[in-house]
Each structure stands twice: as C-alpha cells, then as structure tokens.
Enquirer: 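Could you have a look at this structure, given as structure tokens, before my questions?
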Amino acid sequence: MLQIWVPRKPYYVHVYQEIWGGMGLMGFIVYKVKSAGTRSNALKVLSPESAHGHH
Amino acid sequence: MNENLFTPFTIPMMLGIPITTLIIMFPTMLFPTPNQLINNRMITIQQWLTKLTSKQLMNTHNPKGQTWSLMFISLFLFITSTNLLGMLPHSFTPTAQLSMNLGMAIPLWAGTVVMGFRNKTKISLAHLLPLGTPTFLIPMLVMIETISLFIQPLALAVRLTANITAGHLLLHLIGSATLALVNISLFTALITFTILTLLTILEFAVTLIQAYVFTLLVSLYLQDNT
C-alpha cells in the first residue's frame with residue numbers, strides 16, 4: 001500500500017510560524033472581549049445603576 | 001417554521017452541552033482520505049477538483065507564498081462545505097457566527113502582515129503609501145492606508161458573516177411570507193414562491209463565491225507580503 005501522507009511537522013514548525021503569532025493575537029483579543037463581558041455582567045449583578053452609567 | 005427568526009442562529013445544544021465543535025468537525029467526514037495511488041471515483045473527483053482549485057489559486061504566488069497552498073485549500077474546502085451544509089433546512093451554519101469568522105480571519109491576516117514585516121520590512125512599509133502621491137498628502141495617506149490595513153480582518157470576517165446570515169434570513173422571511181400568502185391570495189403566493197426559488201439558487205452561488213472571496217483575499221494579502 002502506498003503511503004502518500006504529507007509530513008505535517010515542517011508546516012507547523014516553519015511555514016505557519018506567523019499564523020501561530022496571529023493566533024496569539026486572536027487569543028489576546030478574545031481574552032480582552034470576554035473579560036470585558038464578564039466585568040459588565042458582574043457590574044450588572046452588583047449595582048444596576050452604576051453599570052448603566054450615571055445619567 | 002421556527003418560533004422566531006433568531007432560532008436558526010442560536011448555538012445548538014444537546015442535553016445542555018453546546019455541540020458546535022462536533023458540527024464544525026462534521027464536514028471532514030464527507031471528504032474521504034485517498035490512501036492508494038488510484039482511488040475510487042468519489043475520491044478521484046475530489047482530488048481533481050482540489051487540484052483545479054489549487055492551481056487556479058496559487059499560480060500567481062512565488063514559491064514562498066506557495067507554501068501556504070495547503071492552508072488555502074483547507075480554508076476553501078472548509079468554508080464551502082460548511083456553507084453548503086447550512087443550506088439544508090433547520091441546520092446550523094458555523095460560518096454565520098461572527099466569532100468563528102473573526103477566528104479565521106485574524107490569524108491568517110496577522111500571519112501575512114507579520115510575514116511581510118519579518119522578511120521584507122521596507123517593501124511592506126512601502127505598501128502603506130501608493131505610488132505617485134503628492135508630497136503634501138503623504139502623512140494623511142499613510143494614516144488612511146494604516147487604517148485600511150487594520151480594517152482588513154474585520155472586513156473579511158464581517159463580509160462572510162453578513163452574506164451567509166443575510167441569505168439565510170431572507171430565505172426564512174420570504175418562505176414564511178409565501179406560507180402566509182397561500183391562504184390570502186394564491187397568485188401572490190406563486191410570485192413569492194418564484195422569488196424563493198431564485199433566491200435559493202442565488203444562495204447556493206453565494207456559498208461558493210464567499211468561500212472563494214475569503215480565500216482569494218487572504219491570498220492577495222499574502223502576495224503583497226511575500
């Protein structure tokens with residue numbers, strides 16, 4: 001049986017280096033957005049008037 | 001069909017657990033792996049289509065850019081298969097979620113930009129200023145080009161999300177309008193049904209085109225930076 005699988009290691013190690021960096025940037029953005037959402041939910045639970053700002 | 005217009009876009013849950021990951025992994029089961037030199041007809045057709053697409057997409061790149069061909073073909077196949085599977089009634093389309101498309105667009109775009117800055121710093125910085133601008137316009141134009149550079153991942157993600165979501169929503173609306181009109185006026189219902197048929201054909205085209213556009217734009221960003 002012919003083995004025609006392409007070895008993936010050089011892709012992950014060399015070619016996609018910048019994409020891993022991009023994934024780190026995306027993870028950072030996801031962390032920021034999620035923490036902002038959690039913070040606003042926590043504020044809503046604690047004090048509804050301070051969460052909506054002072055009008 | 002559904003109780004409100006939001007139900008096709010909610011995260012599908014099974015016993016309280018979101019099964020989005022399973023749904024995203026499902027289209028891979030539809031592409032069998034070739035494990036012989038000459039395979040059966042199904043795999044041969046898929047191989048032929050893949051070769052056609054990859055040649056079309058990658059022949060304008062230099063060898064460094066062509067190392068990304070595996071990534072582009074997987075991206076194209078993934079978006080096409082998830083969009084086409086989303087055309088089935090009551091199915092969930094992962095690419096209609098902005099979070100997913102941002103997750104695809106940001107790493108790929110950032111990868112091309114970082115690659116450009118790493119390997120050809122001067123040339124990628126020079127892309128920020130078009131040729132032949134008058135001297136006094138240079139500062140403003142650099143700012144505008146920087147903004148347009150940073151908008152690229154957002155535009156990629158939002159374009160795909162909006163096209164798929166809007167298409168699904170239109171089909172829902174016109175379908176329910178047709179159903180409601182059947183009791184009121186059959187002729188108008190027939191007209192709306194014709195519109196529905198045409199829209200469905202358009203939707204099938206859109207699924208393929210959007211996948212192509214996404215991949216093409218990322219490959220363009222890559223070309224600029226290799």
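The chains referred to below are lettered A, B, ... by the order of the sequence lines, with proteins before strands, and numbering in each begins at 1.
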Enquirer: Check the pair B:Phe92, B:Gln97 against side-chain contact (heavy atoms from CB on, under 4.5 Å), reporting the backbone distance first and the verdict last.
Expert: CA-CA 10 Å; B:Phe92 173 69; B:Gln97 306 289 323; 3.4 Å; yes
Enquirer: Is chain A contacted by the side chain of B:Thr33, its backbone, both, or neither, given a heavy-atom distance below 4.5 Å?
Expert: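 The answer is the side chain of B:Thr33.
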Enquirer: Would you mind telling me which of B:Leu70, B:Leu102, B:Thr67 has the largest number of heavy-atom pairs within less than 4.5 Å of chain A?
Expert: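 Looking at each option in turn, the highest pair count goes to B:Leu70.
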Enquirer: Enumerate, atom names and distances included, each donor-acceptor pair closer than 3.5 Å involving a side-chain atom of residues 23-36 of chain A, sequence neighbours excluded.
Expert:
residue : atom : partner : partner atom : Å
A:Ser35 : OG   : A:Tyr31 : O            : 3.3
A:Ser35 : OG   : A:Lys32 : O            : 3.0

Enquirer: Quick one: which of B:Pro153, B:Pro107, B:Ala105 has the most heavy-atom pairs under 4.5 Å with chain A, could you say?
Expert: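 Answer, by heavy-atom pair count under 4.5 Å with chain A: B:Pro107.
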Enquirer: Let me check something: any side-chain donor-acceptor pairs from residues 154-170 of chain B under 3.5 Å, sequence neighbours excluded? List them with distances.
Expert:
residue  : atom : partner  : partner atom : Å
B:Thr161 : OG1  : B:Asn101 : ND2          : 2.7
B:Thr161 : OG1  : B:Ala157 : O            : 2.7
B:Asn163 : ND2  : B:Arg159 : O            : 2.9
B:Asn163 : ND2  : B:Gln210 : OE1          : 3.4
B:Thr165 : OG1  : B:Ala96  : O            : 3.4
B:Thr165 : OG1  : B:Thr161 : O            : 2.5
B:His168 : NE2  : B:Thr93  : OG1          : 3.1

Enquirer: Inspect the surroundings of CZ in B:Phe9 and state if more than 12 heavy atoms from other residues, nucleotides or ligands are less than 6.0 Å away.
Expert: yes
